[in-house]
Amino acid sequence: MLFDFHTHTTLSDGVLLPMELIRRAIVNSYRALGISDHVSASTMARVIKEVSADCELARKHWGFVALVGVELTHVPPDSIPQLAAEAKALGAQYVVVHGESPVEPVSPGTNLAACQCSDVDLLAHPGLITIEAAEAAAENEIFLELTARQGHCLGNGLVAKVAQQAGAAMLVNTDAHEPGDLLTQDLAVTVAAGAGLNEQQMEQVLIENPRKLLARAGIKL
Ligand SMILES: [Zn+2]
Ligand SMILES: [Zn+2]
């Protein structure tokens, strides 16, 4: 049973149309897919509208759960509350913030600002996350990401440790930009086990936490 809430399409820097990404996810035995293209103030309204059209087609014709998300990317930390609220008002079913990955010059303070914002659902690749940010994530029920993405994944071990100390919930996502990046069962388990999770924690992170995020969007799986 595979879930993935961090993926990209031609609407930002991915290579597939939302429709083809959804099709590929179905073929990979995904149970649900979230599409979270990079957005900022400039592109948010257009991207949400366009992703929604393909997600709706997949729901209607294939009965597949494709969720409309956004990834607020390289935005000033202080602007996160306003942009996250705006994304939800425009129809985003969940909001991802592009966290302070060890391999990109993300504005310092992004992790904390995201974790303090109750309109944010997922902090992607948080890198060298602090306990203060993880505690805020726990309080606001924001998921912290263990990522399958090369480079971003350098922080996974620390993210898992600090998230558990703070009582914050985690999700495994791919940050897929190409079809070959999508999850297989083996890859999902490798990312979780590689971050040091035991069997029980893996069940929580790979199955139960995705269900919680879906429930928040009104979807029961
Ligand atoms: Zn990207
Ligand atoms: Zn991303």
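Excluded from the calculations below are hydrogen atoms, water molecules and symmetry mates; all remaining heavy atoms, backbone and side chain alike, are included. All values reported here derive from a predicted model rather than from experimental measurement.
Applying the ring-ring contact (aromatic ring centres under 6.0 Å, His included) rule to pairs touching residues 23-73 yields H8-H38, H38-H98, H38-H177, sequence neighbours excluded. Listed by first then second residue, pairs satisfying side chain to side chain donor-acceptor pair (under 3.5 Å) with a partner in residues 183-195 number zero, not counting sequence neighbours.
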#### Entry: Audit row: D175, T147, side chain to side chain donor-acceptor pair (under 3.5 Å) steps and yes/no
CA-CA 7 Å; D175 202 351; T147 177; 4.8 Å; no
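Side-chain contact between D121 and I142: absent, with no pair of heavy atoms (C-beta onward) separated by less than 4.5 Å. Looking at C153 and V191, their side chains never come closer than 4.5 Å, going by heavy atoms from C-beta outward. Counting heavy atoms from C-beta on, the side chains of L214 and F5 come closer than 4.5 Å.
For E56, the CD atom is densely surrounded, since the number of other residues' heavy atoms within 6.0 Å is greater than 12. The number of heavy-atom neighbours closer than 6.0 Å to CG of L57, taken from other residues, nucleotides and ligands shown, is above 12. Heavy atoms of other residues, nucleotides or ligands lying less than 6.0 angstrom from CD of Q165 number more than 12. With a 6.0 Å radius and a threshold of 12 heavy atoms from other residues, nucleotides or ligands, Q150 has its CD atom at or below the threshold. Annotation: K88, atom NZ; neighbour count of heavy atoms from other residues, nucleotides and ligands within 6.0 Å is above 12.
Under the side chain to side chain contact (heavy atoms under 4.5 Å, CB included) rule, L144 has a single partner from N111, V162, I129, which is I129. With N173 as the partner, the side chain to side chain donor-acceptor pair (under 3.5 Å) test is satisfied by one option alone out of R149, H152, H6, E145: E145.
Ion pairing between a basic and an acidic side chain is recognised when a charged N comes within 4.0 Å of a carboxylate O; R24 and E20 show such pairing.
Among all heavy-atom pairs drawn from A66 and C55, the shortest one is O-CB, 3.4 Å. The shortest non-hydrogen separation linking A195 to A160 is O-CB, 3.5 Å. Smallest separation of non-hydrogen atoms from E178 and V15: CA-CG2, 3.8 Å.
Grouped by direct or indirect side-chain proximity (heavy atoms under 4.5 Å, Ile/Leu/Val/Met/Phe/Trp/Tyr only), V103 sits with L154.
Within the model, atoms CG of L72 and OG1 of T110 stand 10.0 Å from one another, a figure rounded to the nearest 0.5 Å. Separation of atoms CD (E141) and OG (S118) is listed at 10.5 Å; rounding is to 0.5 Å. Here the straight-line distance linking atom NE2 of H125 with atom CG of L123 works out to 8.5 Å at 0.5 Å rounding. The distance from the CG atom of L206 to the CZ atom of R211 is 12.0 Å, given to the nearest 0.5 Å.
No side-chain donor from either of N140 and Q116 sits under 3.5 Å from a side-chain acceptor of the other. For the residue pair D4 / T174, a side-chain donor-acceptor distance below 3.5 Å is found, with atom types taken as modelled. Under the 3.5 Å distance criterion, with hydrogens and angles disregarded, a donor-acceptor pair is assigned to the side chains of H74 and E104.
Residues meeting the side-chain contact (heavy atoms from CB on, under 4.5 Å) test with T43, sequence neighbours left out: V39, R46, V47. For D54, the salt bridge (Lys or Arg N to Asp or Glu O under 4.0 Å) test picks out no residue, with sequence neighbours left out. For R31, the salt bridge (Lys or Arg N to Asp or Glu O under 4.0 Å) test picks out no residue, with sequence neighbours left out.
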